[in-house]
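For reference, the structure is listed below as structure tokens.
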Amino acid sequence: MQDYLKGLNKEQAEAVTHVNGPLMIVAGAGSGKTKVLTTRIAHLMNLGIDAFNILALTFTNKAAAEMKERIEKILGNSNARNLYIGTFHSVFARILRGEAHRIGYPNSFTIYDTDDSRSVLKTVINELNLDDKHYKPNVVHSRISQAKNALVGPAEYATDHYIQQEDMRSNRPAIAQIYQAYAARCFKNGAMDFDDLLLKMYELLQTFPEVLHRFQHKFKYIMIDEYQDTNTVQYQITKLLAAANENICVVGDDAQSIYSFRGATIENILQFQKDYDDVKVVKLEQNYRSSKSILNVANEVIKNNKGQIPKDLWTDNEEGEKIKLVRTMTDNDEGRFVADTIQEQKLRNHYYNRDFAILYRTNAQSRSFEESLRRMGIAYKIFGGVSFYQRKEIKDFIAYLRVVVNTRDEEALKRIINYPVRGIGKTTIEKIVIFANEQNITVWEVLQRAGEFGFKAGTLESINNFVTMMRYFQSMLGDKNAYDVAVQVGKHTNLVKELFNDKTVEGLARYENVQELLNSIKEWTESPDSEEGEVIEKSLGAYLQQITLLTDADDDDENADVVKLMTIHAAKGLEFPVVFVVGVEETLFPSAMSINTREELEEERRLFYVAVTRAKARLFLTYANARYRFGNLVQNEASRFLDEMPEQYIDKTYAGGGLHNKGSFENAGSAYQRMQRGFGDYNDMASVEKRYGPPPAKKAGPERKPVESKPSYMPPQATAPKVVEHKPSADFVPSDTSNLQAGQKVEHQKFGFGTVLKLEGSAHNPIATVKFELNGEKKIMLNYAKLRIVGQD
DNA sequence: GATTGCGCGATTTTT
DNA sequence: TCGCGCAATC
């Protein structure tokens, strides 16, 4: 027997050693699923199966990276490098990078993230003369996304009776039309959104049998993690790929299916046994993660869901601590309680920050925990906030790179055409877009042939300069790597300089972020290629596609000693010694949006199950009597899920308000009684306010320090004054600036003293660039702003 | 072109 | 309450 098989229990070993033919692993929470998957891959390779022939699909990049790492460890060599392991999206993006031309996209197609998609939708909605207040881009987007994930194209969408009825009912009959226009625009832009990565992959395999055969032959062994969360497209693609060899292994747990909003259907896992003959089914039912108390509570709650695959999850672990159920007065008290408890647990049980996780239903709940943790000086990190790549300055920079790689990308082109300012104004851009639409050519083509469209001489010159610059960047693509191109872009566009000259607090942060971006491109460029066989492309195009699929959860630094804050969704697949599940209240968890049907409610319950089963040793569930929502205090009841938990594993506590409630578990009895009575006299808002004071304090001033210095996860910046105030001289009289010269010293009423660097713009609309002593470089329109000429420099 | 001030809507969850 | 889009000013 191989060494690596020794640490497995009977069922795990059974799953690992099943080599050929379909295999379904029903893996309960904490049952060693990742171990089985990685060991199985190692086993396959040990049997002589080539790494190039193995495909493993996961739901996060992080899960993929972890798998790779663990396989390498088992094998003791780096053969794992050649495995195709990744998320559905990233693996398909990589394949499409070689094949997209077949379906009319450039191979260097752009990947649109959610923001890009919404922005294109907004454009399209306006072009159709529809009201974007009524056809809200995000509503429309989710509708289109659902359709794509269910393999429903624009044509079918428009004719499907049921879909049309739904749209009529919500009074949005034009969604079909928008869908059609949106798809056409994305295509014209040479861009795919997240859903397209799946949809176009499917179309590719459907339309080109030779491509299908090639990949069927290549991926002789297919493994899919979190199968319960696959949607229709994903299901169909894997079915196509697996059809030739039927060596497909899926791992899932129907009790942890929490992505139906993304089109995932639990049917896929239930269907699996019907799709193939002789499906081997292995159930992993021993939990190695959690204490008995925790597991029993989870099991008991999930029993309230109907139609589960029968399984009996058990553990040999100790009974452990009871689950602490804690009620607080407000969300701020909840934050304080959690921070206090973390501090106390660190002292009492010698935990590190990294042993704690705070899990919530919605991202918006993180605020009170951030504040209390910061106040206690406990380092933390929020996962799933605004990603680094979503920041404006980063998106601007990346937009240049995107256009360089794919000139069809109108979305990016519009973003940068006049940024930094180069005299191609709003009106000009509107004209350009109209020309492009009229002639059915791309915006870039209009720019290239600008001479034919009768622009004014000045405008034409600006356009031509822009085109020349972009062509210069493009000319480097062939022989320069991603980093070199990016550096040139930064230089020639003045982007970097512009940010450098902005000396405000935000300006500095933006400059640092762009530097950070350049560093990351460099790092990526220099990271090792695959040793043999496929060389991982280090082109700019490959880089851009890659980063769009990154989320900030992916760059988790395991070693960082920080408390982790994230949504329950983001916590799936992770485990922590001590877990706080917070905000366990009606309307929040279960969410008010999800209590209308049994299906929705059951998904919320599964989510609760996922949350509870993340904990290894200690679990705290907290909920607040009232919380601030949009500025007012709103009352909530305890979540119904709490009633479903077996009492004998629960320790109920009331952690009152204020800072002096440490170790208040002693008064559990009376608190419990008060809870039973529904908190009697604290039940009205007036007394809550009276006792706990007015709404939360204003954000602290500029002294607020981020706990971590990494730019991508800085807590929200306090708003520092944008302009360093200048008090105009008493004798301030605006000068006649018609003969202003570069080099002259001037005073501005608000910006203070500065030196004129250059003059541009037309005679009737002159613009001066002035470098102010206190506020950096500004462009000043002389027609409006008043400058006093102080003298020669 | 850039800044400021006002009014309004927002909270599910993610690749 | 907060952040964003839009209109009004410099």
Side-chain angles (χ1 to χ4, degrees), chain A residues 57-64 86-93 111-114 117 122 132-133 136 138 142 145 149 192-198 226 229-231 233-234 258-264 359-367 383-384 387 418-426 548-554 566-572 583 587-595 600 603-604 606-607 610-611 627-634 695-699 716 719 722-723 734 748-751 760-761 765-769 778-787:
Chain A
L57 295 169
T58 64
F59 270 76
T60 61
N61 294 300
K62 196 176 149 205
T87 62
F88 279 88
H89 291 85
S90 69
V91 166
F92 296 164
I111 298 174
Y112 279 166
D113 66 18
T114 311
S117 301
K122 202 175 168 189
D132 64 19
K133 289 264 154 49
K136 290 179 192 153
N138 52 349
S142 78
S145 174
N149 284 319
M192 300 194 198
D193 65 15
F194 286 141
D195 304 315
D196 286 333
L197 292 175
L198 309 176
E226 311 280 13
D229 287 326
T230 51
N231 58 34
V233 212
Q234 290 167 326
I258 55 173
Y259 279 100
S260 72
F261 70 91
R262 208 164 78 184
L359 308 182
Y360 34 76
R361 177 68 240 269
T362 67
N363 285 115
Q365 282 164 263
S366 66
R367 198 216 81 237
F383 291 82
S387 141
N418 199 32
Y419 179 81
V421 183
R422 56 170 66 86
I424 308 176
K426 213 164 140 195
T548 314
L549 298 172
L550 282 185
T551 52
D552 51 4
D554 295 326
M566 63 185 92
T567 63
I568 298 161
H569 282 89
K572 197 171 71 154
T587 74
L588 202 58
F589 194 13
S591 159
M593 324 286 274
S594 309
I595 48 174
E600 286 172 347
E603 177 144 322
E604 294 285 310
R606 289 193 294 270
L607 196 53
V610 169
R627 65 176 62 235
Y628 287 97
R629 245 185 170 191
F630 305 136
N632 354 302
L633 206 51
V634 178
K698 284 245 162 50
K699 285 228 169 91
T719 38
K722 274 199 181 115
V723 173
H748 183 278
Q749 276 186 306
K750 210 158 45 172
F751 298 144
E760 60 197 327
N765 185 24
I767 301 166
T769 307
K778 300 266 179 211
K779 293 202 179 202
I780 306 288
M781 295 183 93
L782 297 177
N783 286 351
Y784 301 117
K786 293 172 186 68
L787 288 178

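For A/Ser591, the side-chain atoms get nearest to B/dT12 when compared with the rest of B/dT12, B/dT15, C/dC6. Distance from the side chain of A/Thr87 is smallest to B/dT15 among B/dT15, B/dT12, B/dG1. If you check B/dG1, B/dT14, B/dT13 against the side chain of A/Val421, the one that comes closest is B/dG1. Closest contact between the side chain of A/Tyr259 and the listed nucleotides B/dT14, B/dT11, B/dG1 involves B/dT14. When the nucleotides B/dT12, C/dG5, B/dT15 are ranked by their closest atom to the side chain of A/Glu604, B/dT12 comes out on top. Checking B/dT12, C/dT1, B/dT15 against the side-chain heavy atoms of A/Phe630 singles out C/dT1 as nearest. With distances taken from any side-chain atom of A/Asn418 to the nucleotides B/dG1, B/dT12, C/dT1, the minimum falls on B/dG1.
At the heavy-atom level, A/Phe88 lies nowhere under 4.0 Å from the strands shown. A/Thr114 comes within 4.0 angstrom of a base, heavy atoms only. Heavy atoms of A/Ser90 sit nowhere under 4.0 angstrom from any nucleic acid atom.
With hydrogens and angles ignored, the 3.5 Å screen pairs no side-chain donor or acceptor of A/Ser591 with any backbone N or O of A/Leu588. Looking at A/Glu604, its side chain never comes within 3.5 Å of a backbone N or O of A/Ser594 through a donor-acceptor pair.
Atom CZ of A/Phe92 is separated from atom C1' of B/dT15 by 12 Å (rounded to the nearest Å).
OP1 or OP2 of B/dT14 has at least one side-chain nitrogen or oxygen of A/Asn363 nearer than 4.0 Å. Residue A/Lys136 places at least one side-chain N or O under 4.0 Å from the OP1 or OP2 atom of B/dA10.
Ring centroid separation for the pair A/Phe59 and A/Phe88 comes in under the 6.0 Å cut-off.
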